[in-house]
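Only one structure is covered here, and it is reproduced in the block below.
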Number of protein chains: 2
Amino acid sequence: MNETSNLLSRLSSLGIRLTPAREEVVNILTATDEHLSAEDIFFRIHSKDPSIGLTTVYRTLELFEQNNIVTKFEFGHGRAKFELSEEFSHKKHHHHLVCTKCRKIIDYSDFLNEEQEYVEKTERGLENKYAFKINCHIIHFYGICGDCV
Amino acid sequence: MNETSNLLSRLSSLGIRLTPAREEVVNILTATDEHLSAEDIFFRIHSKDPSIGLTTVYRTLELFEQNNIVTKFEFGHGRAKFELSEEFSHKKHHHHLVCTKCRKIIDYSDFLNEEQEYVEKTERGLENKYAFKINCHIIHFYGICGDCV
DNA sequence: CTCTCTGCAAAATGTTTGCACACTC
DNA sequence: GAGTGTGCAAACATTTTGCAGAGAG
């Protein structure tokens, strides 16, 4: 079973109907490697099916986010970006490298062993010390990319 | 030399005048351990000096951010939060533990050794592989706090 | 006198909500 | 027929900008 059928069965098991709008959002997020904003997604949908509105895109993304189907990132500069959650994405576990000048975002999947070791240790420790149940983590490195120096 | 005089000399070396509004922003950020939004800062200033406007607070924060005096965080939910950069803060190097239910933010300074090892290795590796000059990193752990279970 | 800093009001931006209609079960 | 999903327009919240005046050097 691939990620997409996995996603579709998750939707139906949650009782979330697969309407045309939702299907398009899934398609777009599945097809891209970029980090898209709600408006980006809306424009791409709009070129295929102009009857679908921006509001629906927002509502779909919120619904998906609350069911852990998509993850919302705020990299700064006020516009949230969305990507499929790891479970439904063909992308590997990754983090983000952000150029603070041109705002380019690079996904990197390097150093996962080191990361995992650090993250596991830290998560356990934080859960104990602060009585948290930790669900996820984000790691962003910020800097200036080669094109911007 | 403490952090505050350090900060003041940085401002003057940058040719940034220490106006009353800017001084108040510095005072408030120095005095607090919380993560304040622009509006939070504005309200605190306003109770001391009602003549200072929200616009000036935004402009001051932007100026400070661009000169690495404050760091802007977007934890989600649309409102940016500001804190003094490490160099000027009495707080230790720390990261954030965020409750996704009540939005509480805990600063933690634990596991810094493990972190440093991981971060140094990763930074060096990323700089080489992606031709970046990395300036900083953020690590956020998200979960549900003890009060919210 | 020039340049910086500011407050105010207005604009811009990104996102959410109210409502009426359409569609599904 | 009840409940879900939708588009549109309006509302909303946060942040930014234009402008004219105040203040510093």
Side-chain angles (χ1 to χ4, degrees), chain A residues 8 10-28 35-67 69-83 100 103 105, chain B residues 8 11-28 35-67 69-83 100 103:
Chain A
L8 300 182
R10 166 72 70 91
L11 288 177
S12 82
S13 77
L14 287 164
I16 295 175
R17 258 188 242 149
L18 191 64
T19 64
R22 291 171 182 170
E23 195 174 359
E24 276 309 316
V25 172
V26 169
N27 288 343
I28 286 165
H35 303 84
L36 302 179
S37 67
E39 207 187 17
D40 293 333
I41 294 168
F42 167 69
F43 283 136
R44 295 188 188 199
I45 292 188
H46 205 258
S47 66
K48 283 184 76 173
D49 181 348
S51 74
I52 293 169
L54 179 57
T55 306
T56 300
V57 174
Y58 273 109
R59 284 196 272 232
T60 301
L61 290 170
E62 201 202 347
L63 178 74
F64 284 1
E65 195 205 352
Q66 283 177 349
N67 290 288
I69 291 162
V70 310
T71 305
K72 179 178 180 178
F73 290 96
E74 320 225 2
F75 292 106
H77 321 110
R79 177 173 297 205
K81 308 265 190 147
F82 300 84
E83 61 180 72
T100 51
R103 302 181 187 182
I105 300 161
Chain B
L8 299 182
L11 287 178
S12 82
S13 79
L14 287 165
I16 295 176
R17 260 188 239 150
L18 192 64
T19 64
R22 290 172 183 171
E23 195 173 1
E24 276 309 316
V25 172
V26 169
N27 289 343
I28 286 166
H35 303 85
L36 302 179
S37 66
E39 206 186 17
D40 294 332
I41 295 167
F42 167 69
F43 282 136
R44 296 188 187 199
I45 291 187
H46 205 257
S47 66
K48 284 184 75 172
D49 182 348
S51 74
I52 293 169
L54 179 57
T55 305
T56 300
V57 174
Y58 273 108
R59 283 195 272 230
T60 301
L61 289 170
E62 201 203 348
L63 178 73
F64 284 1
E65 196 206 350
Q66 283 178 349
N67 290 286
I69 290 161
V70 310
T71 305
K72 180 178 180 180
F73 289 97
E74 320 223 5
F75 291 107
H77 322 113
R79 176 174 298 203
K81 308 267 189 146
F82 298 85
E83 60 180 73
T100 51
R103 302 179 186 184

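Sequence lines set the chain letters: A, B, ... in the order given, protein chains first and strands last, and positions in each chain run from 1.
Residues passing the side chain to side chain contact (heavy atoms under 4.5 Å, CB included) test with A:Leu18, sequence neighbours excluded: A:Leu8, A:Leu11, A:Arg22, A:Glu23. Remark: A:Thr71 engages A:Phe73, A:Ser85 in a side chain to side chain contact (heavy atoms under 4.5 Å, CB included) (not counting sequence neighbours). When the side chain to side chain contact (heavy atoms under 4.5 Å, CB included) test is applied to B:Lys48, the partners found at least two apart in sequence or on another chain are B:Glu24.
Checking B:Ala21 against A:Lys72, the closest nucleotide of DNA chain C that is more toward the 5' end is the one next to B:Ala21.
In this structure, the CD1 atom of A:Ile16 is 8 Å from the P atom of D:dG5, given to the nearest Å. The separation between A:Leu61 atom CG and D:dT6 atom P is 12 Å, rounded to whole Å. Atom CD of A:Glu23 is separated from atom P of C:dT24 by 14 Å (rounded to the nearest Å). Counting to the nearest Å, the P atom of C:dC23 and the CZ atom of A:Arg22 are 16 Å from each other. In this entry the distance linking CG of B:Asp40 with C1' of D:dT15 reads 15 Å, nearest Å. Summarising the geometry, the separation between CZ on A:Phe82 and P on C:dG14 is reported as 13 Å, rounded to the nearest angstrom. Counting to the nearest Å, the P atom of D:dT16 and the CD atom of B:Gln66 are 10 Å from each other. Distance, A:Glu74 CD to C:dG14 C1': 10 Å, rounded to whole Å.
Remark: A:Leu61 CG to A:Lys81 NZ distance equals 13.0 Å, nearest 0.5 Å. A distance of 9.5 Å separates CD in B:Gln66 from CD1 in B:Ile16, rounded to the nearest 0.5 Å. Atoms CG and CG, on A:Leu63 and A:Leu14 in that order, are 8.5 Å from each other to the nearest 0.5 Å. With rounding to the nearest 0.5 angstrom, the OG1 atom of B:Thr19 is 7.5 Å from the CD1 atom of B:Ile52. Taken from NZ in B:Lys72 to CZ in B:Phe82, the straight-line distance is 5.0 Å, to the nearest 0.5 Å.
For the contact set between residues 41-52 of chain B and DNA chain D, defined by any heavy atom under 4.0 Å, there are no members.
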request  = Could you run through nucleotides 17-24 of chain D and give me one letter per nucleotide, 5' to 3': B if any protein heavy atom sits under 4.0 Å from the base, S if only the sugar-phosphate is that close, - if neither?
outcome  = BB-----S
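Of all nucleotides listed (C:dG14, D:dT15, D:dT6), D:dT15 comes nearest to the side chain of B:Tyr58.
Under the ring-ring contact (aromatic ring centres under 6.0 Å, His included) criterion, the residue pairs touching residues 36-62 of chain B are B:Phe42-B:His46, with sequence neighbours excluded.
OP1 or OP2 of C:dT6 sits under 4.0 Å from a side-chain N or O of B:Thr19.
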